[in-house]
Amino acid sequence: MKKKKSVFKEGQITSDFIANAIAKHQVKTQIGAHNIFLGQVRKDVIEDKTVKAIDFSCYQEMADQKLHDIREETFEKFDLTCMHIYHSLGEVQVGEVCFFVFVSAPHRPQVYEATEYIVNRVKEEVPIFGKEIFEDASYQWKTNV
Amino acid sequence: MKKKKSVFKEGQITSDFIANAIAKHQVKTQIGAHNIFLGQVRKDVIEDKTVKAIDFSCYQEMADQKLHDIREETFEKFDLTCMHIYHSLGEVQVGEVCFFVFVSAPHRPQVYEATEYIVNRVKEEVPIFGKEIFEDASYQWKTNV
Amino acid sequence: MKVIYFGKIADVTNKTFEEIQLEKKDVKSLIIYLNEKYAIDLNEMQIAVNQNLVSKSEQITLKDSDEIAILSAFAGG
Amino acid sequence: MKVIYFGKIADVTNKTFEEIQLEKKDVKSLIIYLNEKYAIDLNEMQIAVNQNLVSKSEQITLKDSDEIAILSAFAGG
């Protein structure tokens, strides 16, 4: 369950991909509760310019290391059966999903907090960069605040 | 968004149904964060008997009323764009999903808590009954503790 | 007075509804009736009047037009 | 000393890596170099040495074998 695997996906995370991840957990019959977080690219308007897409990039070696640490520390902190993290690289259009956190446990009490913990740590600690591309093709660099 | 609609589905909630619900939200470009809770039927062992399925039934008129109240009160309490609740009726096998709560908002801070709030209220207040059917075809009535 | 049964209660009474004649139409008399006829214990049942749970300890009068439901423990989710 | 750039930093420097010669091989000298050459402000950059963020205010010596990365603000999620 704790094996290191690829978090990064080229382009959007499709609803089919998410469905497939859920379906795979039906054989794990000790699970009673799943919690899923999805980050979707918002059509923000920044100083009269409308976001059309975000172009993600990352510092892969450091990202893999940080994601590995987050995974290990989440399993230590919460009683989970599985956890999965996926993040897009490259261009993701407005309305598309770019971030998918999936936590499963026998019982529900800790799943919400575990998901929130993972989401916050990924946002704060994993070196992922995002260029907000506006409809007029200009851009600005996104910052997690 | 707040319209009253059918929560109850005959049999399991499939991953395709979940995927479709997610995909439908791509046009709502003000959304930045989704949180999903899934309840999955656990293969519990109770006094040497193994659960094979849960057979759900409900007191429909009261359930609809309570679900309506929960929906209204959740929208008052949290800044959400959408929320959806689905629950199975009839037999749901071990490993299958019987409960699906889906919350969406512009930003993430409240989505985890909103999901937890809805899940807890549905479990405590909505008159849904479940017969845990064991592999030997005997059964017992499930209670939310 | 029509009473409807759900969950384990319907299982124990072996019916989903029945017409009950009570001398005094109130919650206390209904509880006594169910206990005597079906041996359903007080803490095994919840009583909803017009789709709202009511207290089992208060003296609540029932009308023939009320929708009276006897429910076992909830198990959704 | 090889330095790699990511995000907005790579955009500003217009390169993803470069070979830098510093008289004194430490974090402070590197910050000064980046500020003078590219006008990158201290609070616009994060510095990772061997995949770990380091303090920009402490005096940290750098080795040629270190993997030194200059990162802009994180934007994952």
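Please read all numbers here as calculations on a predicted model, not as lab measurements. Numbered from 1 within each chain, the chains take letters A, B, ... in sequence-line order.
- Residue B:Asp44: no heavy atom, backbone or side chain, is found under 4.5 Å from chain A.
- A salt bridge links B:Arg121 and B:Glu73; the closest N-O separation between the charged side-chain nitrogens and carboxylate oxygens is under 4.0 Å.
- In this structure, B:Tyr139 and B:Trp141 have perpendicular ring planes: the angle between them is above 60°, well past the 30° mark.
- In terms of heavy-atom pairs under 4.5 angstrom with chain A, the leader among B:His107, B:Gln93, B:His34 is B:His34.
- Interface remark: of the candidates B:Pro106, B:Cys98, B:Gly32, B:Pro109, B:Gly32 forms the most heavy-atom pairs closer than 4.5 Å to chain A.
- When each of A:Asn120, A:Val94, A:Thr115, A:Ile31 is checked for heavy-atom pairs under 4.5 Å with chain B, A:Ile31 comes out on top.
- Across every non-hydrogen atom of B:Lys66 and B:Pro127, the tightest pair is CG-CD, 4.3 Å.
- When all heavy atoms of B:Phe78 and B:Gln110 are compared, the closest pair comes out as CA-OE1, 3.6 Å.
- Each of B:His25, B:Lys43, B:Arg108, B:Glu113 has some count of heavy-atom pairs under 4.5 Å with chain A, and the biggest count is that of B:Arg108.
- Using a 4.5 Å cut-off between heavy atoms, A:Val111 touches chain B through its side chain atoms alone.
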Below 3.5 Å, can you tabulate the donor-acceptor pairs from side chains in residues 7-24 of chain A to any protein atom, sequence neighbours excluded?
from	atom 1	to	atom 2	distance (Å)
A:Gln12	NE2	A:Glu96	OE2	3.2
A:Thr14	OG1	A:Phe17	N	3.0

